[in-house]
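Any value given below was found using the heavy atoms of this structure, including those in side chains, with hydrogens, waters and symmetry copies removed. In what follows, residues are counted from 1 in the order of the sequence shown.
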Amino acid sequence: MNMNLYGHNGQWLMVDCGVSFNEPLKNDDLHTAEVVCADPRFITQQKERLAGIVITHAHEDHVGALPFLWKRFKCPVYTTAFTAEVLHRKLQQVGLAGQVPVIVVKENESKQIGAFHVTWLALTHSVPEPFAITIHTPAGKIFHTGDWKIDNQPIIGSGFSPKHFQALANDNVLAMVCDSTNALRSGHSKSETACYEALLATIAPEKGRVVVGCFSSNVARLVSLGRVAKETGRYMALIGRSLINMVGAAKATGYWPDDLPLIDASHLGYLPKEEVLAVVTGSQGEPRATLNRLAADSCFDLTIEADDLVIFSAMMIPGNEKAIMGLVAQFKGRNIRTLQQQDTDLPIHVSGHPCRDELAQLYGWVQPKIAVPVHGEPEHLRANAEVAKLSQVASQLVGQNGDLYQFAPQVCIRRQLVATGRIALAR
């Protein structure tokens with residue numbers, strides 16, 4: 001989950017407002033897991049100072065808490081068209097349709113939000129319209145990356161363009177607040193196009209039904225699977241409300257290709273098995289999601305049989321290993337084949353986050369004075385800080401959730417209140 005607060009001149013700017021799954025309460029049982037968000041008490045006690053909320057992209061860990069917390073903030077929300085579409089659908093579900101002022105911004109556009117001059121810079125990631133932002137005040141400029149990777153061949157949108165980030169080296173960036181998810185991995189992340197090619201190579205020779213479990217928010221992966229279905233003579237259907245909702249948002253904003261039809265899931269049972277491609281929820285072993293129901297042979301829309309193939313096109317999120325392997329064991333007990341990333345040399349899943357070479361490249365382009373690693377466990381943050389140090393970034397701040405950093409006028413003083421003329425990050 002992500003919720004960052006930037007303070008300057010008596011005002012605050014929130015960047016992202018997401019949810020996460022809590023740690024299971026006992027015996028690693030996902031039935032006991034709860035969706036949680038960051039504690040917003042600090043800012044709700046002074047909400048009159050909250051100038052606005054910026055949402056960088058449409059992943060749940062960046063936008064999922066906003067519909068539930070907005071009544072505590074009651075301020076404008078700034079984001080791009082695709083994320084706005086996803087957010088509007090969420091707001092409608094909680095009875096807030098038409099009540100939240102959502103300001104839609106475009107690439108390279110700037111907005112003055114209270115004391116903060118904010119500019120949106122396009123990135124590549126696993127969801128449409130991922131954006132970094134710069135936050136400029138008289139006390140200094142902050143570069144907040146959001147989630148990103150360097151993908152020169154994305155399935156959706158243009159390839160990563162370095163020019164705007166190289167230009168930041170001339171802007172005297174005070175601090176770079178940076179994604180750390182893959183900071184423990186050497187090298188460079190693989191492209192979504194490589195994943196598409198791997199899925200095509202995997203599915204093309206199959207003679208039975210193919211089921212693919214993936215994250216519903218990965219629209220690029222869904223488009224790839226739509227292309228695979230078309231090229232292999234299969235019909236693709238989505239099973240899972242979150243998948244259907246995300247594709248609906250993609251269609252509404254022009255990100256779903258017109259030449260990739262989808263069929264209703266209820267039609268899958270009437271097709272020859274070699275023509276079935278089902279994309280489903282539940283890649284993390286969630287007990288009420290479609291993959292679990294397929295494993296238990298209790299899915300209303302589809303039954304799979306021996307020698308059919310289930311592909312896990314998603315990372316195994318730490319903490320979910322037992323649930324996922326239990327799901328795999330259920331399939332294997334029915335002689336249904338499964339394929340996970342560790343079972344093949346083909347990249348049937350690729351990450352949407354930067355590895356160490358990409359981190360070093362971005363630090364080299366931006367040349368900030370301070371590095372603030374975020375979005376990861378402590379070992380990820382430390383690894384990001386190590387890359388920043390090797391990239392000649394003078395100061396690295398590695399802390400815990402809830403820490404308050406003072407960036408200016410005096411650098412690296414922690415846990416101080418923000419007064420006029422100072423800029424700080426609370427996370």
Side-chain angles (χ1 to χ4, degrees), residues 1-6 13-18 54-59 61-63 78-80 83 105 107-108 110 116 118-136 140-151 154 157 159-169 171-185 188-189 351-376 380-389 391 393 395-399 405 407 423 425-427:
M1 58 185 164
N2 297 269
M3 179 186 286
N4 304 276
L5 286 165
Y6 292 91
L13 177 74
M14 182 181 292
V15 178
D16 290 328
C17 186
V54 172
I55 303 297
T56 58
H57 64 284
H59 278 150
D61 58 332
H62 293 258
V63 71
Y78 298 79
T79 194
T80 52
T83 306
V105 296
E107 180 181 355
N108 300 325
S110 297
F116 310 93
V118 181
T119 301
W120 279 258
L121 303 175
L123 299 160
T124 47
H125 187 42
S126 56
V127 68
E129 298 179 355
F131 277 78
I133 58 173
T134 59
I135 305 169
H136 190 217
K141 175 177 278 191
I142 308 299
F143 173 52
H144 183 107
T145 70
D147 288 3
W148 64 282
K149 66 187 284 187
I150 296 177
D151 192 341
F160 189 95
S161 176
K163 63 179 182 179
H164 294 297
F165 307 102
Q166 292 168 334
L168 290 176
D171 286 353
N172 196 30
V173 172
L174 179 59
M176 176 168 147
V177 181
C178 183
D179 180 359
S180 307
T181 307
N182 279 344
L184 293 170
R185 297 185 184 180
H188 194 292
S189 62
S351 175
H353 301 271
C355 297
R356 290 175 69 89
D357 285 0
E358 292 156 279
L359 289 172
Q361 201 161 15
L362 193 60
Y363 279 123
W365 288 337
V366 177
Q367 298 178 26
K369 293 182 174 62
I370 306 169
V372 185
V374 294
H375 205 308
H380 299 91
L381 305 185
R382 289 192 293 268
N384 188 332
E386 179 187 16
V387 174
K389 186 175 183 179
S391 302
V393 179
S395 178
Q396 307 86 40
L397 300 181
V398 178
Y405 301 125
F407 294 147
I423 186 168
L425 163 67
R427 65 178 186 87

Between Ile150 and Trp148, is a side chain to side chain contact (heavy atoms under 4.5 Å, CB included) present by the stated rule, with each step listed?
CA-CA 7 Å; Ile150 296 177; Trp148 64 282; 3.7 Å; yes

Within a strict 4.5 Å, meaning less than it, do heavy atoms of the Thr56 and Val15 side chains meet?
yes

Closest approach of Ala371 to Ala388 (non-hydrogen atoms, all atoms of both residues):
CB-CB, 3.5 Å

Would you give the length of the straight line joining atom CG of Asn182 to atom NE2 of His353, rounded to the nearest 0.5 angstrom?
6.5 Å

Nearest heavy-atom pair of Ala183 and Ala383: which atoms, and what distance?
O-CB, 3.5 Å

For Asn108, enumerate each residue passing the side-chain contact (heavy atoms from CB on, under 4.5 Å) test, keeping only those at least two apart in sequence or located in another chain.
Leu121, His164

Do Val177 and Ile142 have side chains that get closer than 4.5 Å, going by heavy atoms?
yes

Evaluate the side-chain proximity of His144 to Tyr6: yes if any heavy-atom separation is below 4.5 Å, no if none is.
yes

As a quick check of understanding, evaluate side chain to side chain contact (heavy atoms under 4.5 Å, CB included) for Phe131 and Val105, giving each step before the final call.
CA-CA 11 Å; Phe131 277 78; Val105 296; over 6 Å; no

Indicate yes or no: at least one non-hydrogen side-chain atom of Phe116 is less than 4.5 angstrom from one of His136.
no

Residues passing the side-chain contact (heavy atoms from CB on, under 4.5 Å) test with Thr124, sequence neighbours excluded, are Lys149, Asp151, Pro154, Phe160

Side chain to side chain contact (heavy atoms under 4.5 Å, CB included) evaluation trace for His62 with Asn2:
CA-CA 5 Å; His62 293 258; Asn2 297 269; 3.2 Å; yes

Quick one, Asp179 with Thr145, criterion side chain to side chain donor-acceptor pair (under 3.5 Å). Give me CA distance, side-chain angles, the key distance, then yes/no.
CA-CA 7 Å; Asp179 180 359; Thr145 70; 5.7 Å; no

Does the pair Val393 and Ile370 meet the rule for a side chain to side chain contact (heavy atoms under 4.5 Å, CB included), with working shown?
CA-CA 6 Å; Val393 179; Ile370 306 169; 5.6 Å; no

Look up atom CG in Leu381 and atom SG in Cys178, then write down how far apart they are to the nearest 0.5 Å.
10.5 Å

Identify, with sequence neighbours excluded, every residue that meets side chain to side chain donor-acceptor pair (under 3.5 Å) alongside Ser110.
Thr119

List for me each residue that meets side chain to side chain donor-acceptor pair (under 3.5 Å) alongside Ser391, sequence neighbours excluded, and say none if there are none.
none

Determine whether His59 and His125 satisfy the following criterion, side chain to side chain donor-acceptor pair (under 3.5 Å), listing intermediate values before the conclusion.
CA-CA 10 Å; His59 278 150; His125 187 42; 3.2 Å; yes

Examine distances only and state if a side-chain atom of Tyr405 and a backbone atom of Gly399 form a donor-acceptor pair shorter than 3.5 Å.
yes

At their closest point, which heavy atom of Leu123 faces which heavy atom of Ala132, and how far apart are they?
CD1-N, 3.3 Å

With sequence neighbours excluded, tell me which residues meet ring pair (Phe, Tyr, Trp, His ring centres under 6.0 Å) with Phe143.
Phe165

Which value, rounded to the nearest 0.5 Å, describes the distance between Glu107 atom CD and Ser161 atom OG?
8.0 Å

With side chains defined as the heavy atoms from C-beta onward, is the minimum distance between Met14 and Asn4 less than 4.5 Å?
no

By salt bridge (Lys or Arg N to Asp or Glu O under 4.0 Å), which residues pair with Arg185, not counting sequence neighbours?
none

Asp16 side-chain N/O to Met3 backbone N/O, donor-acceptor pair under 3.5 Å:
no

So, using side chain to side chain donor-acceptor pair (under 3.5 Å) as the criterion, who are the partners of Thr83 when residues are at least two apart?
none

Are the side chains of Val54 and Leu13 in touch, meaning some heavy atoms are under 4.5 Å apart?
yes

Is the distance from the ring center of His375 to that of His380 below 6.0 Å?
no

Just list the side-chain donor-acceptor pairs under 3.5 Å for residues 360-369, sequence neighbours left out, or say none.
residue: Tyr363; atom: OH; partner: Asn384; partner atom: OD1; Å: 2.6
residue: Gln367; atom: NE2; partner: Gly364; partner atom: O; Å: 3.3
residue: Lys369; atom: NZ; partner: Asn172; partner atom: OD1; Å: 2.1

Could you pull out the closest heavy-atom pair between Leu174 and Gly140, with the gap in Å?
CD2-CA, 4.4 Å

Mind checking the OG1-CD1 spacing from Thr80 to Ile55? Nearest 0.5 Å is all I need.
10.5 Å

Those residues at least two apart in sequence (or on a different chain) that pass salt bridge (Lys or Arg N to Asp or Glu O under 4.0 Å) with Asp357 are none

With sequence neighbours excluded, tell me which residues meet side chain to side chain donor-acceptor pair (under 3.5 Å) with Ser189.
Glu358

